[in-house]
2 protein chains.
Amino acid sequence: MVSASVKDVAALAGVSVGTVSNVLNRPEKVSAEVTGRVQSAIDKLGFVRNDAARQLRAGMSHSIGLVVLDAANPFFTDLARGAEDRATAENLTVLVGNSNEDEGRESAYLDLFEQQRVRGVLLSPVGNVIPRLEQLRRRGIPTVLVDRQTENLSFSSVAVDDLAGGEMAAAHLLSLGRRRIAFVGGPASIRQVADRLAGARKAVDAVAGAALEVIATESLTVLSGRAAGESIRSRPEAERPDAIFAANDLLAIGVLQGLMLMGGVNVPQEIALIGYDDIEFAAAAVVPLSSIRQPSALIGSTALELLLREAAAEDGFAPTQVVFPPELIVRASTQG
Amino acid sequence: MVSASVKDVAALAGVSVGTVSNVLNRPEKVSAEVTGRVQSAIDKLGFVRNDAARQLRAGMSHSIGLVVLDAANPFFTDLARGAEDRATAENLTVLVGNSNEDEGRESAYLDLFEQQRVRGVLLSPVGNVIPRLEQLRRRGIPTVLVDRQTENLSFSSVAVDDLAGGEMAAAHLLSLGRRRIAFVGGPASIRQVADRLAGARKAVDAVAGAALEVIATESLTVLSGRAAGESIRSRPEAERPDAIFAANDLLAIGVLQGLMLMGGVNVPQEIALIGYDDIEFAAAAVVPLSSIRQPSALIGSTALELLLREAAAEDGFAPTQVVFPPELIVRASTQG
DNA sequence: ACACAGCAATGAATCGTTTCATAACCAGCT
DNA sequence: AGCTGGTTATGAAACGATTCATTGCTGTGT
């Protein structure tokens with residue numbers, strides 16, 4: 001036999017299935033003697049509850065879904081950990097899906113979560129998902145957007161002020177006297193990228209004689225960054241920027257690799273470089289990276305907190321926007 | 001109404017529930033006209049299948065479970081991606097659990113997967129899990145061990161030859177003329193750590209006048225590595241090793257940070273350093289790290305492949321051990 | 001005209017758990 | 001003895017999708 005059910009346990013213990021269920025779920029309602037009999041039957045048969053049956057009956061799973069842009073990005077693994085810790089405390093499981101910045105995969109994960117009747121969804125969106133989220137909401141599945149401020153105020157969100165972060169990063173580069181700033185990042189459809197760029201532009205526009213060049217990348221990965229770095233290195237010196245703001249640390253690490261290949265460009269003397277996220281590896285880079293720090297785990301736990309609150313609220317729940325301030329971390333890549 | 005069921009769809013389309021199910025699962029059995037009616041009913045009601053009900057009926061989920069030692073370690077995210085890609089092709093979902101090198105959490109995830117009646121489990125084990133796995137097997141849930149060779153040949157496994165890798169790393173350090181080798185890693189209960197150390201010891205023992213010191217760490221993280229690095233830096237110069245082999249790249253990156261703090265120890269002149277895994281960040285470190293490369297994604301996809309094969313086999317399945325050879329990658333941290 | 005094959009559609013039974021109205025029992029009191 | 005209140009235990013119903021034996025129908029061949 002592959003698997004024992006409550007019925008088998010009940011038969012062996014000489015009680016009804018309802019009683020077995022009571023032993024499992026409200027032990028205080030059952031006499032000590034019966035509890036003992038049922039327990040030893042459970043042990044003898046190696047009974048394990050069937051989650052599918054429980055969920056079917058309950059109408060809801062004990063999971064919440066999380067879709068991230070890039071599971072390999074330490075920012076998101078930290079965020080996930082924050083969410084998981086909070087979820088574990090609530091006896092919930094977090095299912096992590098990796099959209100890889102792809103709308104199709106994002107959508108596939110939302111489908112899956114909907115079929116699983118998850119308690120709620122945390123989402124760092126790729127494209128325009130608002131219609132999708134409204135559909136989920138109609139189903140009674142609340143959503144919290146992470147790492148994204150919504151213009152649409154009907155959804156809760158937890159984010160870092162990327163506009164301020166972008167401005168902070170560019171202002172820092174400008175304060176070093178650099179004037180030919182390059183922004184490396186993409187795709188522009190990702191809100192964080194657009195916001196960080198907008199913030200940078202704001203800072204650059206405020207300084208006379210400063211110019212901002214945008215170097216688009218396909219994704220926010222080390223590989224994309226390296227390609228961008230190499231293309232900058234291959235330019236004539238006069239046409240290179242004197243400072244680079246990368247949309248995240250993975251890109252920045254790649255840019256650094258690309259620039260330094262074959263004893264190429266000197267960082268920070270020739271080109272200053274700053275990233276974003278302040279992942280653990282930023283401090284350990286060839287040239288330790290300046291960066292904009294975000295409280296990743298806190299974002300995750302806060303998002304889950306909002307989600308639980310929304311799920312608990314009968315109705316008339318007021319969506320909440322939480323925005324954390326970013327923090328400038330200065331290291332060697334913008335010093336000297 | 002929160003959610004429509006097949007019954008609702010059937011009623012609206014004016015057919016029986018069985019027909020709706022047929023439209024969903026064997027469209028070729030249903031006439032075009034009825035299919036159309038059912039489809040538009042589905043669209044109108046926003047019907048989404050309830051996965052719990054499907055699973056209950058099917059007796060098995062469409063998921064496979066994966067428990068890793070550290071979800072933040074790029075080696076494991078790569079491995080997970082390899083497994084996911086293969087799973088997606090098979091219309092399966094991978095649930096990733098992070099044991100964080102903790103036996104309790106490992107066990108909790110196995111419990112969860114058992115309750116979910118997953119199709120199979122991929123596991124990179126912390127402690128001695130063999131009894132647990134035998135229990136799963138009795139339930140009909142096959143397991144494949146990843147990143148671990150079993151002495152117990154009754155389970156399939158996919159691993160890299162850690163003994164050879166450890167030997168390779170230490171032999172490389174010895175070939176540079178270094179004789180006071182330190183191994184940084186722990187806990188020793190993790191098989192990879194023990195094997196890499198054993199390999200290193202073998203290489204060291206083969207060279208007259210060479211000595212191996214073991215510096216134990218609590219975990220395989222950047223933070224643990226930094227502590228080890230700092231403690232080495234704080235020793236009198238004569239008592240420092242002249243080469244360090246770190247059990248993985250995260251540790252190595254941490255060691256590097258610890259050594260270099262406050263203009264401390266020069267790598268590789270004073271101390272040569274080699275890591276293990278060759279994660280993407282190894283090449284981007286302050287001093288680009290030599291490392292032992294493992295085909296992480298390939299390990300993941302191969303493991304899933306073995307799992308599928310075992311799940312498909314009626315019985316009398318012959319467990320398979322796959323061992324990939326590691327590869328030495330030499331960078332600046334062991335040159336000069 | 002009849003039999004029969006072949007295709008479509010049906011709907012009751014099933015998966016395993018939880019819930020809840022009901023029954024059984026006992027103790028204490030009048 | 002009869003009644004009440006309070007524990008415990010019972011077992012049928014429900015959750016939603018799938019399956020499969022059965023029915024209904026159409027068309028073909030004799």
Side-chain angles (χ1 to χ4, degrees), chain A residues 1-39 41-42 45-62 91 111-112 114-119 139-140, chain B residues 1-39 41-42 45-62 91 111-112 114-119 139-140:
Chain A
M1 180 205 330
V2 156
S3 201
S5 75
V6 275
K7 216 181 279 181
D8 303 316
V9 173
L12 181 58
V15 299
S16 73
V17 291
T19 300
V20 176
S21 178
N22 282 336
V23 170
L24 259 20
N25 301 304
R26 342 165 150 62
E28 78 281 1
K29 296 253 153 209
V30 184
S31 72
E33 192 248 329
V34 170
T35 302
R37 262 193 357 248
V38 171
Q39 267 305 343
I42 286 176
L45 293 174
F47 167 77
V48 174
R49 274 144 121 139
N50 183 324
D51 221 44
R54 304 188 71 192
Q55 279 178 209
L56 173 57
R57 185 69 237 259
M60 268 268 136
S61 81
H62 288 99
N91 214 2
D111 285 346
L112 181 70
E114 204 171 340
Q115 290 179 22
Q116 305 233 17
R117 302 293 193 267
V118 296
R119 278 279 224 289
R139 270 227 140 44
Chain B
M1 180 205 330
V2 156
S3 202
S5 75
V6 276
K7 216 181 279 180
D8 304 316
V9 173
L12 181 57
V15 300
S16 73
V17 292
T19 300
V20 175
S21 178
N22 281 336
V23 170
L24 259 22
N25 302 303
R26 345 163 146 62
E28 78 281 2
K29 295 254 155 209
V30 184
S31 72
E33 192 248 332
V34 169
T35 301
R37 269 205 336 261
V38 171
Q39 268 304 344
I42 286 176
L45 294 174
F47 167 77
V48 173
R49 275 145 121 138
N50 182 323
D51 222 44
R54 304 188 72 193
Q55 279 179 210
L56 173 56
R57 184 70 236 256
M60 269 267 135
S61 81
H62 290 98
N91 215 1
D111 284 347
L112 180 70
E114 203 170 342
Q115 290 179 21
Q116 305 233 19
R117 303 293 193 268
V118 295
R119 277 279 224 289
R139 270 226 140 44

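In the text below, chain A, chain B and the rest are named by the order of the sequence lines, each starting its count at 1. These figures come from a predicted structure and were not determined experimentally.
Distance A/Arg57 CZ to C/dC20 C1': 9 Å, rounded to the nearest Å. Rounded to whole Å, the distance from NE2 on B/His62 to P on D/dA17 is 14 Å. To the nearest angstrom, C1' of C/dG11 lies 12 Å from CG of B/Asn22. The distance between atom CG of B/Asn50 and atom C1' of C/dT17, rounded to the nearest whole Å, is 14 Å. One can place NZ of B/Lys7 at 9 Å from C1' of D/dC15, the figure rounded to the nearest angstrom. Distance, B/Asp51 CG to D/dG16 C1': 12 Å, rounded to whole Å.
No donor-acceptor distance shorter than 3.5 angstrom exists from the side chain of A/Arg117 to the backbone of A/Ser61, with no hydrogens or angles considered.
Nearest-nucleotide mapping onto DNA chain C: of B/Ala58 and B/Glu33, the residue sitting toward the 5' end is B/Glu33.
A rotation axis mapping the C1' atoms of four pairs onto the next four is fitted at both ends of the helix from C/dA1-D/dT30 to C/dT30-D/dA1 over five pairs, and the angle between these axes is 70° to 10 degrees.
Using a 4.0 Å cutoff on non-hydrogen atoms, the parts of residues 11-19 of chain A near DNA chain C are A/Gly18, ordered by number. For residues 23-32 of chain A, proximity to DNA chain D is found at A/Lys29, A/Val30, A/Ser31, defined as any non-hydrogen atom under 4.0 angstrom from a strand atom.
Note on B/Arg49: every side-chain N or O is 4.0 Å or more away from OP1 and OP2 of D/dA17.
Distance CG/A/Asp111 to CZ/B/Arg49: 11.5 Å, rounded to 0.5 Å.
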